[in-house]
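As structure tokens, the structure follows; a few thoughts come after it.
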Amino acid sequence: MNLAQLRAFVAVLDDGSFSGAAATLGISQSAVSHTIATLERTLGHPVLIRQGGVRATAFGAEIAGHARAAVVAAAAIGMLAAQRDGRPAGSIKLAAPPTVCQGLMPGLLARWRDELPGVDVALFEGEDDEVAEWLADHTVDLAVVVDPPPGPGHVLAEDTFHAVLRRDHPLAGEHAVGVADLQDDAFLLSRGGCERHVREAHRRSGVPFAPTHQVRELGTLFAMVRAGIGVSIVPGLAAAMLDPRLVLVPLRPVLARRLVLRGAIDRLWHPAVTALVEHAAA
């Protein structure tokens, strides 16, 4: 019997399913099933009923309190070790949208590596909704979330939106453009996370929202703009992904998104998470 087995058992009980436990633990569903089966062989008794919904057997219910206490005690020991001598340490999973991963995270990760050497950060890229969901269900410890409700964390940036055009487009040299100025071209939409902001830009300008093409990946959208198929609106941080054949022109009126670095709002943060957020704020 080991801590990983007890942690998997508690996660299944708390989430009510193997898939939910897998998301919480950051491992595959088959790995959770294998770990529980190994625990049952070690103890010589089944701990879960798998038919008609997952629930504890009578023996599983009897040991659940002890298993939970062991998991909580191990977490407490880890936090005390991380806090010792004021030097944060630990492995942290961080999620962020693609433009943030390209435009902000490389520099931030490099500074964290140099100034917080005891903290190992693993970066996961996901769309806006995915990132928020991963943080909410504790798949990750830390995330850059877009326009979250008030709460703890640090605002990394106010990222303004721009029109993305070919460098030879008639509007490419303008200081700023409005959504109405883009109506002569087919409009391309990236549905990877900023659709809400693009819709808002159209609403503010009184221009009907009617994209000609809809794609998921920004790379695909940029390729289509390069080919002269149309124009689009993207966050300013997308500049890190552009090639010289494209330009970003600021949008008017100004539309921005707030990028907030935060841990989960429903539980205490690991000391390493607190250290990363405080370092970013400083």
Side-chain angles (χ1 to χ4, degrees), residues 1-79 90-98 101 120-146 148-149 151-153 191-193 195-196 216 260-270 272-273:
M1 182 173 54
N2 59 49
L3 184 61
Q5 295 165 355
L6 298 179
R7 188 178 288 117
F9 174 52
V10 170
V12 172
L13 292 181
D14 288 345
D15 290 289
S17 68
F18 283 85
S19 60
T24 295
L25 297 171
I27 60 178
S28 68
Q29 184 172 333
S30 60
V32 174
S33 298
H34 175 75
T35 302
I36 296 296
T38 302
L39 174 64
E40 291 177 325
R41 287 196 300 272
T42 300
L43 297 176
H45 301 281
V47 297
L48 293 173
I49 297 173
R50 297 164 173 79
Q51 297 176 341
V54 180
R55 60 192 188 279
T57 63
F59 176 68
E62 187 176 350
I63 69 168
H66 299 293
R68 194 178 303 280
V71 170
V72 170
I77 292 170
M79 292 186 73
S91 296
I92 299 300
K93 295 178 181 178
L94 165 64
C101 288
D120 179 35
V121 180
L123 179 62
F124 295 84
E125 183 179 281
E127 304 303 343
D128 295 4
D129 293 343
E130 290 177 323
V131 168
E133 182 179 336
W134 292 342
L135 185 62
D137 65 17
H138 306 148
T139 299
V140 298
D141 310 291
L142 184 63
V144 179
V145 287
V146 178
R191 304 197 65 179
E195 180 178 355
R196 173 171 59 87
R216 178 176 175 85
V260 179
L261 180 69
R262 63 163 43 164
I265 62 174
D266 60 346
R267 67 178 182 182
L268 290 174
W269 294 359
H270 189 285
V273 170

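FYI, side chains are in, hydrogens and waters are out, and symmetry mates aren't considered; it's all heavy atoms of this structure.
- For the side chain to side chain contact (heavy atoms under 4.5 Å, CB included) test, residues two or more places apart in sequence or in another chain that qualify with Thr57 are Pro46, Ile49, Phe59.
- Contact annotation: the side chain of Asp128 never approaches that of Arg196 to less than 4.5 Å [non-hydrogen atoms, C-beta and beyond].
- For residues 54-65, no residue pair satisfies the salt bridge (Lys or Arg N to Asp or Glu O under 4.0 Å) rule, not counting sequence neighbours.
- Taking all atoms of both residues into account, the shortest heavy-atom contact from Ala96 to Cys101 is O-SG, 3.5 Å.
- A pairwise comparison of heavy atoms in Gly153 and Trp269 identifies N-CH2, 4.0 Å as the closest pair.
- For Glu40, the side chain to side chain donor-acceptor pair (under 3.5 Å) partners at least two apart in sequence or on another chain are Arg50.
- Legend: residues meeting ring pair (Phe, Tyr, Trp, His ring centres under 6.0 Å) with Phe124, ordered by chain and number and at least two apart, are absent.
- The structure places CG of Leu135 at 9.0 Å from CG of Asp141, a figure rounded to the nearest 0.5 Å.
- A heavy-atom distance below 4.5 Å is found between the side chains of Leu43 and Ile63.
- Nearest heavy atoms, Val144 versus Val131: O-CG1, 3.5 Å.
- Checked against side chain to side chain donor-acceptor pair (under 3.5 Å), Glu195 has the following partners two or more places apart in sequence or in another chain: Arg191, Arg199.
- Distance check, rounded to the nearest 0.5 Å: CG of Leu6 to CD1 of Ile36 gives 9.0 Å.
- Of all non-hydrogen atoms in Ala56 and Gly60, the two that sit nearest each other are CB-C, 4.0 Å.
- Residues satisfying the ring pair (Phe, Tyr, Trp, His ring centres under 6.0 Å) test with His34, not counting sequence neighbours, are none.
- Across all non-hydrogen atoms, the minimal contact from Gly16 to Val54 is O-CB, 4.0 Å.
- For Asn2, there are no side chain to side chain donor-acceptor pair (under 3.5 Å) partners, not counting sequence neighbours.
- Counting only residues at least two apart or on different chains, the salt bridge (Lys or Arg N to Asp or Glu O under 4.0 Å) pairs with a member in residues 6-34 are Asp14-Arg68.
- Here the side chains of Leu13 and Leu48 are in contact, with some heavy-atom distance below 4.5 Å.
- Residues Leu3 and Ala70 approach most closely at CD1-O, 4.0 Å, considering heavy atoms.
- The side chain to side chain contact (heavy atoms under 4.5 Å, CB included) search around Val260 returns Val145, Pro148, Val155, Arg258, Arg262, not counting sequence neighbours.
- Residues passing the side chain to side chain contact (heavy atoms under 4.5 Å, CB included) test with Thr35, sequence neighbours excluded: Gln5, Ala8.
- Sorted by first and then second residue, the salt bridge (Lys or Arg N to Asp or Glu O under 4.0 Å) pairs with a member in residues 22-31 form an empty list; sequence neighbours excluded.
- For Ser17, the side chain to side chain donor-acceptor pair (under 3.5 Å) partners at least two apart in sequence or on another chain are Ser19.
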